[in-house]
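Along the sequence shown, the residues carry numbers beginning at 1.
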Amino acid sequence: MRILFYLYLLIVPTLLFSQDKPKEKPSLRQEANGEDAKKEKIATIDMYRIISLERDTTYIDTSLTIQREYSHNYLRRDTFGLLAFPNEGQTYNTLQYSLNNFSPYPDMGLKGKHFSFIEAGDIRYASVATPVTELFFKSIIGRGQLVDSYFTLNIHPRLNFSIAYKGIRSEGKYINHFANSGHFRFTTSYSTENERYYANAHFVSQDILNEENGGITTIDDFESGNPNFSNRQSLEVYLTDAESFLKGKRFFVDHSFRVNPSKGNNNLFVNHQFNYENKFFEYKQPTLTSTEGSSTVFRFGDSFVSSGLKDQIHYNRMYNKAGVTYENTTLGRFQFFVDDFRSNFYYYKILVQEDGTVVPASFTRNINAAGGQYDYQKNKWTGKFLYSRSISNQSLSNLDAKMRLDWNDDFQFDFQYQNINKLASDNYNLYQSSFVDYNWTNNFKNEKINRLSANAVTPWLNASLNLITLDDHLYFENVASSSSQQIIAPNQYDKTINYLSLKVNKEINFGNFGFDNTILYQKVDQQDAVLNVPEIVTRNTLYFSNYFFNKALFLQTGLSLNYFTNYYANDYNPVTGEFFVQNQKQIGNYPNLDFFVNAKIQRTRIFIKAEHFNSSLSGNNFYSAPNTPFRDMTIRFGLVWNFFN
């Protein structure tokens, strides 16, 4: 796959620069009217569309804004509310709990390994007037590179293809913290001339490899500021040869057929969605002992093997959703559907523990549900109301109501209420490992989640409010008796957790200067410290932008401050690929300053940033997790280059 990717990078630019644009031949009408045969057709921006699975449409944007600065990263999106680990390509700690999207269906788990995993809803489909290429590059931490290449074309006005690959190799600054991943995507979209049939399909293949060092063992050495440890390779880590690997492939099709031959005021559609995915996770740790100062510790407890530990998990799922939709131009769209969800989370052995408990080899799901959805659009109001409930033995339900008011170009308001009866992720109910204490079988109750949210976009500020109530909340905790060990076990909280978040954003412009501010306030009401988040998270960016050289160059430069208050942040466990609750060490209360200079020349955007340039001035108290320091100062550069052939 990597060979194909590099060939693709070499061939595409060659084709782009070596081919001369053919001259347009005059039509018979042009010749008859004596028109200039050299006159070219010009494609407008609305002919370059990007379409989501929900049919939301945007256009390819080559502008350079402050939002582009925020999204120039490995995830290719704004990461406010996420806290990166020291190496690019590693996991993220979650500062903002309301970023979570809730689904009633169970998943594989291993959420710490899925931040960069591209899900079905993340895929975007295209419709373009001419072939489009986008090349993304960014330098990383240590040796390596981060690239993302994308190419799409319509071989027919109603048939589109796209191919893309994102890859990273980053060495990092700490011992055993190398990251290497690849994400291949292929999409196609088709519709008939009378729009009676349409289809979106994609294939995705992804692999995410991370060396896992388990954090540093001697925090005092890091915080002391001793110049002997300014080279981060001098700091001792728990794991020197462990690594985790997640691999997945997905085939996805979403299509619809209109029963009536021509579209009218009343239409009947038959819909079908198919999603098949398989995943593989492996954790390897050749050396089981760790060194902590002068002591030898078994970080994850006793093991069934003395060396060469290798744990593997296999997972596959198949989802089918079929329904009929009645559309009336006055009343809206009424959809009725049934779906079938099948998954298998499995190992290749059965484990019998010393107390006689049998840990089975697999955990299988077979769920059927039925439901309906109503879509309404009239004047300034848009709404979607969905309800589904299982009709099989495994209980789940989902009520999701959304309303949007587009008052005018300056005022938009969104409201949502969601009530979910959610099945637990599979790794909560079954886990096997060569570590003795990492084996369990459970039958947890469903999580109950109520969510009420509101968003407002106004000329004065943008604001979002989330109120979430959690019952039977599932989480991981450390049950080890020694502070040197991590022995993680799943648990279910039998009390209610109430969560509130209020995020406000305001950009102030004065001349060529801009001041962009985002502030998040969070409050959790709970009897025990299970859901831990910082009370305040803020990002403030002061920047200057202007044109130079007769508007041939657009320059943007500024300073960003990122900050969050002290809190007991979750720690990361590489054996399970999960974050877990801890109450031993608080992190936060340190400023993170970035200085950036960005430029745009035609359709090329160039990014240069000094990340966390104050790291040597504020003291070594910056962390991504209790034993994992945040990044030191790093100067990085990159670009995004668009071609419209």
Side-chain angles (χ1 to χ4, degrees), residues 49-58 71 74-79 81-82 92 94 96 98-111 113-127 148 150 152 160 162 164 166 183-189 198-206 208 246 248-256 271-279 315-323 325 335 337 339-341 343 367 369 371 373 375 382 384-388 396 398-402 404 414 416 418 420 422-423 425 449 451 453 455 466:
R49 297 181 295 160
I50 303 297
I51 306 164
S52 71
L53 182 61
E54 300 296 329
R55 306 296 182 83
D56 295 327
T57 301
T58 56
S71 61
Y74 175 49
L75 299 184
R76 301 297 306 273
R77 59 184 174 89
D78 189 350
T79 56
L82 297 179
Y92 293 79
T94 301
Q96 181 181 348
S98 54
L99 290 176
N100 291 290
N101 292 319
F102 302 113
S103 169
Y105 291 99
D107 52 34
M108 179 186 189
L110 287 80
K111 292 182 175 60
K113 292 289 294 182
H114 279 78
F115 281 95
S116 62
F117 200 86
I118 301 172
E119 305 291 350
D122 299 327
I123 296 295
R124 296 294 181 264
Y125 305 90
S127 177
D148 191 358
Y150 173 81
T152 182
N160 175 271
S162 77
K166 180 171 72 172
H183 307 264
F184 172 81
R185 298 98 72 195
F186 173 81
T187 74
T188 182
S189 301
Y198 83 88
N200 288 326
H202 72 253
F203 168 75
V204 174
S205 178
Q206 318 180 62
I208 303 169
L246 175 66
K249 295 181 179 180
R250 179 173 61 250
F251 299 89
F252 180 90
V253 179
D254 181 70
H255 54 153
S256 176
N271 313 299
H272 175 241
Q273 187 179 109
F274 171 78
N275 187 343
Y276 177 77
E277 189 169 40
N278 66 70
K279 296 181 182 180
Y315 175 82
N316 57 59
R317 69 172 181 179
M318 183 173 67
Y319 177 77
N320 276 283
K321 178 181 178 182
T325 301
Q335 181 183 20
F337 62 86
D339 58 19
D340 179 77
F341 178 95
S343 68
I367 306 167
Q373 180 174 314
D375 294 273
T382 303
K384 183 175 80 171
F385 308 91
L386 180 145
Y387 180 75
S388 64
L396 61 80
N398 182 22
L399 170 63
D400 191 359
K402 298 178 181 178
R404 180 181 179 90
D414 291 276
Q416 180 184 13
Q418 191 173 24
I420 286 184
K422 172 182 171 51
L423 287 164
S425 298
I449 303 170
R451 179 175 191 163
S453 64
N455 297 279
N466 279 273

Review point. Does the cation-pi check pass for Lys166 over Tyr74, that is, NZ or CZ under 6.0 Å from the six-membered ring centre and within 45° of its axis?
Key: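 Relative to the ring axis of Tyr74, which defines the angle, Lys166 lies inside both limits.
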Review point. In terms of side-chain geometry, is the basic nitrogen of Arg404 or Asp414 positioned less than 4.0 Å from the acidic oxygen of its partner?
Key: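 So Arg404 pairs with Asp414 through a salt bridge.
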Exercise for review: Indicate yes or no: does Arg185 engage Asp148 in a salt bridge with an N to O separation below 4.0 Å.
Suggested key: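 Answer for the salt bridge query: yes.
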Minimum-distance pair of heavy atoms, taken over all atoms of [X] and [Y]:
{"X": "Gly109", "Y": "Ser425", "result": "CA-CB, 4.0 Å"}
{"X": "Ser116", "Y": "His183", "result": "O-CE1, 3.2 Å"}
{"X": "Pro106", "Y": "Phe341", "result": "O-CZ, 3.5 Å"}
{"X": "Leu396", "Y": "Leu423", "result": "CD2-CD1, 3.7 Å"}
{"X": "Ala126", "Y": "Ile50", "result": "CB-CD1, 4.1 Å"}
{"X": "Gly248", "Y": "Phe117", "result": "CA-CZ, 4.2 Å"}

Practice item. Give a yes or no answer on whether the side chain of Ser343 reaches the backbone of Asn316 with a donor-acceptor pair at less than 3.5 Å. Key: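 Side chain of Ser343 to backbone of Asn316: no pair is present.
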Check your understanding: Taking the side chain from Asn398 and the backbone from Ser388, do they hold a donor-acceptor pair closer than 3.5 Å?
Key ->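 Not a single qualifying donor-acceptor pair exists.
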Check whether any side-chain heavy atom of [X] lies under 4.5 Å from a side-chain heavy atom of [Y], and answer yes or no.
{"X": "Arg124", "Y": "Ser52", "answer": "yes"}
{"X": "Asn200", "Y": "Thr187", "answer": "no"}
{"X": "Glu119", "Y": "His114", "answer": "yes"}
{"X": "Ser189", "Y": "Ile51", "answer": "no"}
{"X": "Arg451", "Y": "Ser98", "answer": "yes"}
{"X": "Leu82", "Y": "Gln96", "answer": "no"}
{"X": "Phe102", "Y": "Asp400", "answer": "no"}

**Study point:** Worked check of side chain to side chain donor-acceptor pair (under 3.5 Å) between Asp375 and Gln373
**Key:** CA-CA 7 Å; Asp375 294 273; Gln373 180 174 314; 3.0 Å; yes
Hey, could you give me the [atom1]/[atom2] distance between [X] and [Y], rounded to the nearest 0.5 Å?
{"X": "Gln273", "Y": "Ser256", "atom1": "CD", "atom2": "OG", "value": "11.5 Å"}
{"X": "Arg49", "Y": "Thr152", "atom1": "CZ", "atom2": "OG1", "value": "11.5 Å"}
{"X": "Thr325", "Y": "Phe337", "atom1": "OG1", "atom2": "CZ", "value": "10.0 Å"}
{"X": "Gln335", "Y": "Leu386", "atom1": "CD", "atom2": "CG", "value": "8.0 Å"}
{"X": "Arg76", "Y": "Ser71", "atom1": "CZ", "atom2": "OG", "value": "7.0 Å"}
{"X": "Glu277", "Y": "Met108", "atom1": "CD", "atom2": "CE", "value": "9.5 Å"}

Practice item. Give the ring-plane orientation class for Tyr276 versus Phe274, where under 30° counts as parallel, over 60° as perpendicular and anything between as tilted. Key: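 It falls in the parallel class, under 30°.
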**Study point:** Ring geometry between His202 and Tyr125 (parallel below 30°, tilted from 30 to 60°, perpendicular above 60°)
**Key:**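 Tyr125 vs His202 ring planes: tilted.
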Practice item. Quick one: do Leu53 and Ile123 satisfy side-chain contact (heavy atoms from CB on, under 4.5 Å)? Show the steps, please. Key: CA-CA 7 Å; Leu53 182 61; Ile123 296 295; over 6 Å; no
Check your understanding: Under the side-chain contact (heavy atoms from CB on, under 4.5 Å) criterion, do Thr79 and Phe115 qualify, and how do the steps go?
Key -> CA-CA 11 Å; Thr79 56; Phe115 281 95; over 6 Å; no
**Study point:** Test ring-ring contact (aromatic ring centres under 6.0 Å, His included) applied to Tyr319 - qualifying residues, sequence neighbours left out
**Key:**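 Residues passing ring-ring contact (aromatic ring centres under 6.0 Å, His included) with Tyr319: Tyr105.
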Review point. Regarding Arg250 and Asn275, is there a side-chain donor-to-acceptor distance under 3.5 Å anywhere?
Key: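 Checked: Arg250/Asn275 side chains show no N/O donor-acceptor pair below 3.5 Å.
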